[in-house]
Protein chains: 2
Amino acid sequence: MTKVYGCPVEVTLDVLGGKWKTVILRYLSNRALRYSQLQQRMPNITQRMLTLQLKELEEDGLIQRVVFEERIKRVEYSLTEYGKSVEPILELMCEWGKQRMREFNLQVRTMGTSGG
Amino acid sequence: MTKVYGCPVEVTLDVLGGKWKTVILRYLSNRALRYSQLQQRMPNITQRMLTLQLKELEEDGLIQRVVFEERIKRVEYSLTEYGKSVEPILELMCEWGKQRMREFNLQVRTMGTSGG
DNA sequence: CGGTATCCTATGTGATACTG
DNA sequence: CAGTATCACATAGGATACCG
């Protein structure tokens with residue numbers, strides 16, 4: 001049942017494609033984040049989607065999920081070493097997107113990507 | 001009705017996302033190609049999809065469509081200057097995809113991406 | 001040759017309620 | 001807090017026939 005690709009970019013798109021994964025990865029690119037912290041940064045994602053995408057990213061080896069059994073449960077997601085290898089792609093995509101936004105006057109809901 | 005993005009990578013994904021666009025762009029990255037030549041290189045795409053994706057890429061300013069009114073109609077697609085600005089992204093995606101293929105033993109229907 | 005038109009299915013995504 | 005489960009909907013993508 002191994003899927004056959006016509007071009008290597010398809011492989012990459014299989015892993016990074018869809019509405020949310022690149023965004024999630026970019027947030028995790030800065031630092032490890034909890035489930036709830038990702039939610040805050042992505043107000044428009046549903047819990048279902050967040051859970052689903054995180055699971056797929058984990059299965060694809062890009063992120064790791066660590067559970068801290070404290071008084072209140074805490075789960076942190078972070079990039080694996082392998083996951084870090086997509087950072088250059090994300091970086092380029094982000095720069096290209098910013099440039100396009102400038103040229104076409106598109107808008108971003110700025111929510112302090114800045115200082116942190 | 002202007003769409004608002006939460007992260008610039010979404011902008012890029014709006015333009016490059018989906019099953020076919022990056023593949024098309026990579027083929028056009030080498031040289032201009034005719035409609036039928038693209039079809040040959042992508043045996044699995046339907047005419048509907050090819051037409052649709054080409055039209056969207058054109059509307060997004062990445063490719064241009066030139067009609068040659070010869071004895072038989074000929075239409076060539078090629079990257080615009082703006083379209084060439086995505087080449088670094090495609091290149092990285094391709095390299096990353098190849099690496100992943102090696103690591104996970106995935107397959108590509110090799111059809112002379114090589115010298116040609 | 002380079003498309004359109006029409007119909008259909010699969011997948012992706014969202015809303016909402018519920019849980020250990 | 002960090003999820004699941006279920007249902008519903010929109011969009012992406014495919015099959016097929018036809019057109020200038």
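Reminder, nothing fancy here: chain letters follow the sequence lines and each chain counts from 1.
In this structure, A:Y77 reaches the D:dG3 phosphate: one of its side-chain N or O atoms is under 4.0 Å from OP1 or OP2.
For A:E87, there are no salt bridge (Lys or Arg N to Asp or Glu O under 4.0 Å) partners two or more places apart in sequence or in a different chain. In this structure B:L25 satisfies the side-chain contact (heavy atoms from CB on, under 4.5 Å) test together with B:L16, B:L57, B:L62, B:I63, B:L79, B:V86, B:L90, sequence neighbours excluded. For the side-chain hydrogen bond (donor to acceptor under 3.5 Å, both in side chains) test, no residue two or more places apart in sequence or in another chain qualifies with A:Q47. For B:R102, the side-chain hydrogen bond (donor to acceptor under 3.5 Å, both in side chains) partners are B:Q99, not counting sequence neighbours. Scored by the salt bridge (Lys or Arg N to Asp or Glu O under 4.0 Å) test, B:E58 finds no partners at all (sequence neighbours excluded). Under the salt bridge (Lys or Arg N to Asp or Glu O under 4.0 Å) criterion, A:R74 pairs with A:E70, A:E76, sequence neighbours left out. The side-chain hydrogen bond (donor to acceptor under 3.5 Å, both in side chains) search around B:K84 returns B:E81, not counting sequence neighbours.
Between the CG atom of B:L54 and the C1' atom of C:dC1 there is a distance of 14 Å, rounded to whole Å. One atom, OH of B:Y35, and another, C1' of C:dC1, lie 10 Å apart when rounded to the nearest Å. With rounding to whole Å, B:L33 atom CG is found 13 Å from C:dG3 atom P. Taking atom CD of residue A:Q37 and atom C1' of nucleotide D:dG3, one finds them 16 Å apart after rounding to whole Å. Summarising the geometry, the separation between CZ on B:R74 and P on C:dG3 is reported as 13 Å, rounded to the nearest angstrom. At whole-Å resolution of the value, CG in A:L50 and P in D:dT4 are 11 Å apart. To the nearest angstrom, P of C:dT4 lies 13 Å from CD of B:Q39.
Near-neighbour residues of DNA chain D inside residues 57-71 of chain B, defined by a heavy atom below 4.0 Å, are absent.
Here B:K21 lies out of heavy-atom contact (under 4.0 Å) with every strand. Residue A:S36 is classed as a sugar-phosphate contact, given heavy-atom separations below 4.0 Å to backbone atoms only.
Among residues at least two apart or in separate chains, ring pair (Phe, Tyr, Trp, His ring centres under 6.0 Å) pairs with a member in residues 61-93 of chain B are A:W96-B:Y82. Residue pairs meeting the side chain to side chain donor-acceptor pair (under 3.5 Å) criterion with at least one member in residues 11-21 of chain A, sequence neighbours excluded, are A:K3-A:D14, A:Y5-A:D14, A:K21-A:E56.
Summary of helix geometry: the two end axes of the helix from C:dC1-D:dG20 to C:dG20-D:dC1, each defined by five base pairs via their C1' atoms, are inclined to each other by 50° (rounded to 10°).
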Look for any protein N or O under 3.5 Å of an N or O in nucleotides 13-20 of chain C and output each such pair with its distance, or none.
from: C:dT13; atom 1: OP1; to: A:K19; atom 2: N; distance (Å): 2.8
from: C:dT13; atom 1: O4; to: A:R48; atom 2: NH2; distance (Å): 2.9
from: C:dG14; atom 1: OP1; to: A:K19; atom 2: NZ; distance (Å): 2.7
from: C:dG14; atom 1: OP2; to: A:W20; atom 2: NE1; distance (Å): 3.0
from: C:dG14; atom 1: N7; to: A:R48; atom 2: NE; distance (Å): 3.3
from: C:dG14; atom 1: O6; to: A:R48; atom 2: NE; distance (Å): 2.9

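B:L13 and B:V4 fall into different hydrophobic clusters, where Ile, Leu, Val, Met, Phe, Trp and Tyr are joined by side-chain heavy atoms under 4.5 Å apart, directly or via other members. Cluster annotation: B:V66 is not connected to B:I24 through the hydrophobic network of ILVMFWY side chains, with a link wherever side-chain heavy atoms come within less than 4.5 Å.
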